[in-house]
Amino acid sequence: MKALITISGRVQGVGFRPFIYRLASKKGLKGYVRNRNGIVEVLIEGSEKEILSFLEELKIEKPPSAIIQEVKVEYLTGKEEFKDFKIELSPLEKVFSGSIAPADLSICDECIRELMDPKNRRFNYFFITCTNCGPRFTIIKDLPYDRANTTMNKFVMCEECEKEYKNPLDRRFHAQTIACWKCGPKAYLTESNGEIISVENPIVEAGKLIEEGFILAVKGNGGFHIATSTLNSKPIIKLRRVKHRSQKPFAIMARSIEAITSFAEVSSKEVELLTSPAKPIVLLKKSENYYLAEEISPGLNTVGVMLPYTGLHLMLFKEVKEPAFVMTSANPPNQPIAITNQEAIEKFKGIVDYYLFHNRDIAQRCDDSVVKVVDGELSFLRRSRGYAPEPIKIRKVGKCVLGVGAELNVTSCIILKDKAFLTQHIGDVENLETLNFLEEATRNLIKLTKSEIDGIACDLHPTFNTTRFALRLSEEMNIPVFKIQHHHAHIAKLMAEYDLDEIVGIACDGFGYGIDGSAWGGEILYCFGKEFKRLGYLEKHLMIGGDLATKYPLRMVAGILKDEENFEEWFLSKANHLPHGKIEAEIILKEARKKHFPETSSCGRLLDAVSAILGLCYERTYEGEPAMKLEAAAEGGKNVLNLPLNFKGNIIETKNLVREVFHLVNKENIKNIAYSTQEYIAKSLAEFAAFEAENLNVKFIGFSGGVAANEHITQTIRKIVESKGLKFLYPRKVPCGDGGISLGQAYIASQML
Ligand code: ZN
Ligand code: ZN
Ligand code: FE
């Protein structure tokens with residue numbers, strides 16, 4: 001009997017062909033296996049029983065980092081023609097449109113064992129990898145994924161490595177990243193001026209220096225990290241000062257799950273994410289006996305933790321006792337993560353004490369991914385290393401469209417048939433450096449996927465850099481551009497992910513440009529096909545001083561409470577929290593009467609205002625800070641508000657809420673007020689949306705936008721929606737915030753084309 005089997009999913013660059021080879025050989029089957037157009041094709045000849053057991057074992061024993069999406073079997077007629085089983089290598093393998101470049105994979109258990117085994121020839125070799133593990137996307141210059149197309153191309157394999165590479169029974173058969181002490185990349189430690197320090201093992205030495213409280217720049221797979229101790233506040237405070245980063249949390253890398261449980265709470269879902277081949281940063285709740293430096297994530301109840309994902313990281317911990325190191329992306333303010341040794345020496349002058357370099361080039365800069373468990377499931381805050389640029393499955397579209405994102409947390413996205421390819425995390429595209437990075441990453445994605453773009457989608461905002469970028473590309477490629485409203489795109493993500501024709505969506509974030517030109521951010525939208533209708537929104541509030549009200553939430557408070565009794569007195573008492581003190585406070589109060597400032601329906605700004613009233617945050621030094629500190633403060637709280645929900649026409653009133661908070665602030669526990677605020681906003685949004693959905697006879701209610709990262713708000717909305725017999729949807733494959741908006745943009749534009 002003869003069968004042609006095609007296997008799709010993550011099946012290339014993960015050791016799938018040698019696995020098939022071993023399985024088929026073990027069973028005495030004949031035929032071949034080869035890569036074809038992003039899938040693996042197997043032809044086997046044998047008895048029916050043998051073929052069936054082959055298919056069964058294929059699914060159970062697949063390589064650990066492979067993901068099988070679909071197995072198609074076609075039984076063929078004709079004579080049996082093969083004498084043995086072969087891996088068919090097609091050096092000139094054609095790359096088709098929709099090809100998949102594999103994402104980076106964390107070091108596998110078998111390689112860890114070899115790394116730690118003094119008898120192994122790769123003992124202590126920091127770039128140990130195999131067909132199941134190692135960098136992929138970050139070293140790939142072009143497809144097909146072959147050593148010559150990667151930055152490993154300048155390292156010529158030694159005899160022993162070559163033998164392994166050519167042996168189908170070896171676990172490094174065709175491992176493009178194969179390397180050893182003899183032939184692979186080398187690591188070296190330098191002084192802050194770049195002068196090499198001669199030591200036996202530079203990585204182990206670097207680990208000791210980190211433990212001693214020095215600050216090091218460490219070159220990794222997708223860029224540099226800045227590393228220092230987690231137990232010692234001093235270097236962290238210094239790092240904050242020199243990086244001009246007073247509050248934004250630093251990610252840490254812990255040596256093991258065991259170490260993590262000593263300072264954070266970890267659920268089984270979180271363990272699963274921490275140890276998955278992507279090894280993302282997972283936001284974990286600090287445990288009661290949290291003992292790491294408070295300066296790592298000041299004012300928050302969470303800490304972002306990842307596990308070592310390369311041999312180099314494991315070696316750093318080899319001779320130290322610290323449970324974890326600070327490991328933050330090494331990027332100058334508002335610039336992309338540094339990738340070249342030269343760049344690092346120039347940009348981190350005066351910041352770091354030592355450098356740990358290696359001599360392999362980074363082809364694609366790629367930050368660590370950041371995830372959080374929200375309502376029991378994965379929620380992406382940043383989808384990057386370990387995930388990008390592998391596609392996600394979406395509702396099938398007819399046209400190939402590129403979405404370029406908004407302004408913050410930008411990614412771009414290509415949708416092609418039933419796949420969406422998102423770039424790695426780009427960052428806030430507010431200057432030339434990040435715009436260049438967006439352009440590079442986008443062009444690289446087009447190249448890797450061999451896409452022929454039919455149209456481009458961008459934000460409706462007329463002056464975003466991404467909008468200008470889209471217009472420029474559309475001219476260059478001579479294709480149309482579509483401007484998609486921000487919150488419409490937030491909800492369209494859900495339509496693409498869950499294959500929906502219509503949905504009532506709750507889109508809550510900090511800011512998005514509305515179709516009337518005003519600032520939106522607390523929207524209930526009915527989305528159907530390529531259209532949407534604004535059903536309702538959060539009550540608008542004045543932004544005194546315009547954008548300054550985003551940076552200093554006390555300005556939002558003044559706009560909302562200006563007519564409240566005793567307010568002026570209270571406000572003046574907070575004047576020391578404004579950059580110019582009393583004079584500024586007095587001007588704000590005067591200006592609040594004039595009303596010539598823009599208004600916003602933003603949910604983020606509303607949460608910010610409450611955060612400032614409660615004294616949790618007076619200045620936003622990073623995106624979402626006041627709202628995140630409110631979420632942290634609400635932990636363990638209970639509802640103490642006795643306030644009816646207030647709807648006036650299509651407006652969800654919130655001024656009453658802020659007024660209540662203001663009057664409760666000295667009478668009630670802050671924790672309970674914070675909790676009640678979130679609860680009230682969530683209930684208002686959910687009840688309003690559910691009412692509209694029932695009227696429209698729509699069965700689905702979705703929640704998206706940056707505020708959806710708030711677990712309490714998400715859970716409350718979900719419970720209300722489900723209690724009404726409606727289905728609740730949440731973005732699980734792309735970030736709920738602006739990092740996923742490029743998908744929504746592209747999806748709507750493809751419907752318009
Ligand atoms: Zn491995
Ligand atoms: Zn070698
Ligand atoms: Fe947004």
Side-chain angles (χ1 to χ4, degrees), residues 10-21 32-41 63 65 86-105 111 122 125-168 170-186 219-222 310 339-341 358-366 388-390 421 424 440-441 443-451:
R10 182 202 270 171
V11 289
Q12 294 189 1
V14 290
F16 212 84
R17 285 174 307 166
F19 155 71
I20 294 284
Y21 175 88
Y32 67 81
V33 53
R34 68 176 177 201
N35 281 346
R36 190 173 62 83
N37 193 11
I39 60 175
V40 167
E41 180 185 281
S65 17
K86 267 202 213 64
I87 298 183
E88 227 177 72
L89 300 169
S90 28
L92 293 173
E93 201 170 282
K94 212 174 152 212
V95 179
F96 294 83
S97 136
S99 283
I100 298 166
D104 281 21
L105 296 165
C111 285
R122 289 189 180 84
Y125 181 62
F126 73 109
F127 267 173
I128 182 171
T129 60
C130 69
T131 42
N132 289 328
C133 77
R136 299 286 185 270
F137 174 61
T138 53
I139 57 165
I140 290 177
K141 294 195 280 189
D142 204 352
L143 287 178
Y145 172 54
D146 195 26
R147 187 149 168 135
N149 281 334
T150 71
T151 55
M152 283 300 288
N153 63 353
K154 69 174 185 190
F155 303 96
V156 180
M157 277 180 236
C158 69
E159 226 173 89
E160 280 164 287
C161 283
E162 198 176 340
K163 230 194 255 163
E164 295 169 344
Y165 183 85
K166 286 186 172 161
N167 176 6
D170 194 279
R171 62 183 206 88
R172 293 196 172 83
F173 174 72
H174 271 249
Q176 308 302 346
T177 51
I178 193 170
C180 73
W181 279 110
K182 233 186 260 169
C183 64
K186 308 258 183 299
K219 188 177 181 181
N221 285 351
T310 67
I339 55 170
T340 68
N341 295 3
H358 60 71
N359 62 344
R360 182 174 69 202
D361 293 338
I362 295 171
Q364 307 303 331
R365 53 181 99 231
C366 194
E390 285 183 12
F421 299 84
Q424 69 271 46
E440 257 170 53
R443 290 192 193 274
N444 185 49
L445 191 66
I446 295 173
K447 182 175 91 175
L448 292 179
T449 55
K450 295 276 183 289
S451 296

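Within a 6.0 Å sphere centred on NZ of Lys166, other residues, nucleotides and ligands contribute 12 heavy atoms or fewer.
Residues Arg10 and Leu105 form a side-chain contact, since some pair of their non-hydrogen atoms from C-beta on lies under 4.5 Å apart. Using a 4.5 Å heavy-atom cutoff, the side chains of Lys86 and Tyr21 are not in contact. Within the 4.5 Å cutoff, side-chain heavy atoms of Leu448 are placed close to those of Asn444. Proximity of Val40 to Val33: side-chain heavy atoms (C-beta onward) are separated by under 4.5 Å at one or more points. Between Pro102 and Ile140, the closest side-chain pair of non-hydrogen atoms falls below 4.5 Å. Counting heavy atoms from C-beta on, the side chains of Arg171 and Cys111 come closer than 4.5 Å. The side-chain heavy atoms of Asn221 and Phe127, taken from C-beta on, include a pair separated by under 4.5 Å. With contacts defined as side-chain heavy-atom distances shorter than 4.5 Å, the pair Pro185/Tyr125 qualifies.
In this structure, CD on Gln364 lies 10.5 Å from CD1 on Ile362, to the nearest 0.5 angstrom. The line from SG of Cys133 to CG of Asp104 is 11.0 Å long, rounded to the nearest 0.5 Å. Of the inter-residue distances, the one linking Glu390 atom CD with Phe137 atom CZ reads 10.5 Å to the nearest 0.5 angstrom. One distance of note links OG1 of Thr138 with CD1 of Ile339; it measures 10.0 Å at 0.5 Å rounding. For the atom pair Leu143 CG and Lys447 NZ, the distance stands at 8.5 Å (nearest 0.5 Å). Here the straight-line distance linking atom OG1 of Thr151 with atom CZ of Arg360 works out to 5.5 Å at 0.5 Å rounding.
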N/O donor to acceptor pairs below 3.5 angstrom from side-chain atoms of residues 152-160, sequence neighbours left out:
residue	atom	partner	partner atom	Å
Lys154	NZ	Asn359	O	3.2
Glu160	OE1	Lys182	NZ	2.7

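Of all the heavy atoms in Cys161 and Cys183, the pair that sits closest is SG-SG, 3.6 Å. The nearest pair of heavy atoms linking Asn149 to Pro144 is ND2-O, 3.0 Å. His358 and Gly220 make their closest contact through NE2-O, 3.0 Å (heavy atoms, listed as atom of the first residue, atom of the second, distance). The two residues Ile87 and Pro168 come nearest to each other via the heavy atoms CD1-CB, 4.5 Å. For the residue pair Phe421 and Pro389, the shortest heavy atom distance occurs at CD2-O, 3.6 Å.
No cation-pi contact links Arg136 to Tyr145, judged by a cut-off of 6.0 Å to the six-membered ring centre and 45° from its axis.
Note on ring orientation: taking the six-membered ring where Trp is involved, the planes of Tyr165 and His174 are parallel (angle under 30°, cut-offs 30° and 60°).
Each of Thr131, Asn35, Val11 was compared with Arg17 under the side-chain contact (heavy atoms from CB on, under 4.5 Å) criterion, and only Asn35 meets it.
No hydrogens or angles considered: nothing links the side chains of Ser65 and Asn132 as a donor-acceptor pair under 3.5 Å.
Checked against salt bridge (charged side-chain N to carboxylate O under 4.0 Å, His left out), Arg122 has the following partners two or more places apart in sequence or in another chain: Glu164. By the salt bridge (charged side-chain N to carboxylate O under 4.0 Å, His left out) test, Arg365 is found to be paired with Glu343, residues two or more places apart in sequence or in another chain being considered.
When atom types are taken as modelled, the side chain of Asp170 and the backbone of Arg172 share a donor-acceptor pair closer than 3.5 angstrom.
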